[in-house]
Amino acid sequence: MRQAGRYQAAYRKIRETHTLPEIVRDPELTARVTRLPVETLGVDAAILFADITTPLYGMGVRLEIVEGRGPVIENPIQSPKDVEQLLPFDPKAHVPFVLAAIRLLKEELKVPLIGFAGAPFTLASYLVEGGPSKNFARVKRFMLTAPEAWHRLMEKLTGAMAAYLKAQTAAGADALMVFDSWIGRLTRRQYQTYVLPHQKRLFAELKETGRPTIHFGTGTMHLLELLKEAGGDAIGVDTSTPLAWARERLGPTPVQGNLDPAVLLADQSTIAAEIEAVLAENAGQPGHVFNLGHGMLPMTPEENAAFAVETVHRLTGR
Ligand code: CP3
């Protein structure tokens, strides 16, 4: 997760001359950055280099990605009228560079390519909060006090992300991952009322692509059954939920996760022991996509990331 990024010297070198949005708008550069972790770490799949905010520019959102913070929105959504002003999303017109990068990658890669998008709630949280948030007060106030406008916003984002992900598979993406990164901040009731119908529709539409989908969120211990109900062929589990706990609630549904990204800051014997512990929690059940529980930390030593991949391959006999 965030397997291409600032922990890599080659990525930092590219970032000296290009901003993140500049990389994403340049298909050659995007393909190069996407391939970096496949070449240097030996991971089993590539994930498209983009950001969850990439499709939002085309919908009329003005934003900037601030280093160390995340996306900051110049024109946040503060009223029902702002929701109406969000423009319809057209992948071919708004993100031709993403689709071109996918086509290039499909010619070059020998491993599968994962396409992705932000989930409606997580995108809405940035749009309403105006940036990263600690307490999600504005977005919760919006959903609780203006439910009709909220559902309209979620419908628009759901339609846009369904179109975006379908366009990614048409361009060649082999699997799709939906990041609902901040969903764990909702109560079960809030999830059921304000998110579940939209998330269900998103995954129902993605079934048309015939590609496997991964549904990821953080802090979702209390929501796992609801995430499963919403959809996804596999459920991504973050570091705070033990895999064994997730398995008990999800039954035979495949899981992805969940090594703590901070473990990669430790010495190699600690990394190997922690990887063994994650594998032991899964207890050899089929359908485990080994991954970090959340994004790679910028201070991760590159050799530790490579060592972790090697160790997973060694311990799982691959
Ligand atoms: O995983 C990958 O390698 C693919 C690339 C990817 C990026 N963002 C590139 C990126 C993916 C899958 C994302 C998704 C994303 N972006 C999410 C969902 C996943 C998650 O982390 O929960 C979210 C919430 C965002 C929003 C966002 N964009 C944040 C919080 C940040 C970090 C801000 C910072 O400076 O620490 C970004 C910027 C961003 N997106 C970076 C990368 C590699 C940081 C590197 C840079 O600035 O060059």
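Order of appearance sets the numbers: ligands from 1, and atoms from 1 within every ligand. Note that the structure is predicted; figures quoted are calculated from it, not measured. In what follows, residues are counted from 1 in the order of the sequence shown.
In terms of protein heavy-atom proximity, atom 19 (C) of ligand 1 is closest to F179 CD2, 3.2 Å. Here the protein heavy atom with the shortest distance to atom 15 (C) of ligand 1 is I52 CG2, 3.6 Å. Among all non-hydrogen protein atoms, the one lying nearest atom 3 (O) of ligand 1 is Q3 N, 2.8 Å. Taking atom 39 (C) of ligand 1 as the reference point, the nearest protein heavy-atom neighbour is L20 CD2, 3.6 Å. For atom 45 (C) of ligand 1, the nearest non-hydrogen atom of the protein is R6 NH1, 3.4 Å. Of the protein's non-hydrogen atoms, A50 O, 3.1 Å is the one closest to atom 9 (C) of ligand 1. Here the protein heavy atom with the shortest distance to atom 18 (C) of ligand 1 is S181 OG, 3.2 Å. Counting only heavy atoms of the protein, atom 30 (C) of ligand 1 lies nearest to R2 NH2, 3.5 Å.
Remark: distances from the non-hydrogen atoms of A4 to ligand 1 include one below 4.0 Å.
Atoms of ligand 1 found under 4.0 Å from any heavy atom of H294, numbered from 1 in the order shown, are 20 (C), 21 (O), 22 (O). Annotation for ligand 1: atoms under 4.0 Å from non-hydrogen atoms of Y11 are 45 (C), 46 (C), 48 (O). Interface of R15 with ligand 1, defined as ligand atoms under 4.0 Å from a residue heavy atom, comprises 46 (C), 47 (O), 48 (O). Heavy-atom proximity to E67, at under 4.0 Å, picks out these atoms of ligand 1: 35 (O). Of all atoms in ligand 1, numbered sequentially from 1 with element shown, those under 4.0 Å from a heavy atom of I47 are 1 (O), 2 (C), 3 (O), 4 (C). Ligand-side atoms of ligand 1 in range of M1: 1 (O), range being under 4.0 angstrom from any heavy atom. Of all atoms in ligand 1, numbered sequentially from 1 with element shown, those under 4.0 Å from a heavy atom of Y126 are 24 (C), 26 (C), 30 (C).
For the pair R249 and W245, the cation-pi test (distance below 6.0 Å, angle within 45°) is passed. The cationic atom of R25 (NZ for Lys, CZ for Arg) lies less than 6.0 Å from the six-membered ring centre of Y57 and within 45° of the ring axis.
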Tell me, with the steps shown, if W182 and V139 meet side chain to side chain contact (heavy atoms under 4.5 Å, CB included). CA-CA 11 Å; W182 314 130; V139 68; over 6 Å; no
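Remark: among candidates A46, G70, P71, the nearest residue to atom 26 (C) of ligand 1 is P71, based on non-hydrogen atoms. With distances taken over non-hydrogen atoms, the option nearest atom 38 (C) of ligand 1 out of I65, T122, D180 is I65.
Considering E28, E107, E108 as possible partners of R35, the one that fulfils the salt bridge (charged side-chain N to carboxylate O under 4.0 Å, His left out) test is E108.
Using a 4.0 Å cut-off between charged side-chain N and carboxylate O, E129 and K134 make no salt bridge.
Checking only distances, F216 never comes within under 3.5 Å of ligand 1, N or O to N or O. Not a single N or O atom of F116, backbone or side chain, sits closer than 3.5 Å to an N or O atom of ligand 1.
With sequence neighbours excluded, no residue forms a side-chain contact (heavy atoms from CB on, under 4.5 Å) with E64. Residues that satisfy the side-chain contact (heavy atoms from CB on, under 4.5 Å) test with A272, not counting sequence neighbours, are F307, T311.
Cluster annotation: V111 is connected to V43 through the hydrophobic network of ILVMFWY side chains, with a link wherever side-chain heavy atoms come within less than 4.5 Å.
Heavy atoms of L48 found under 4.0 angstrom from ligand 1 belong exclusively to the backbone. Proximity of M177 to ligand 1, defined as any heavy-atom pair under 4.0 Å, is not found for any part of the residue.
Note on ring orientation: taking the six-membered ring where Trp is involved, the planes of W150 and Y194 are perpendicular (angle over 60°, cut-offs 30° and 60°).
Counted by atom type alone, T270 and D267 present one or more donor-acceptor pairs between their side chains at under 3.5 Å. Remark: the D180 side chain and the T122 side chain contain an N/O donor-acceptor pair separated by less than 3.5 Å. No hydrogens or angles considered: nothing links the side chains of D233 and H215 as a donor-acceptor pair under 3.5 Å.
The closest side-chain heavy-atom distance from I235 to T220 is not below 4.5 Å.
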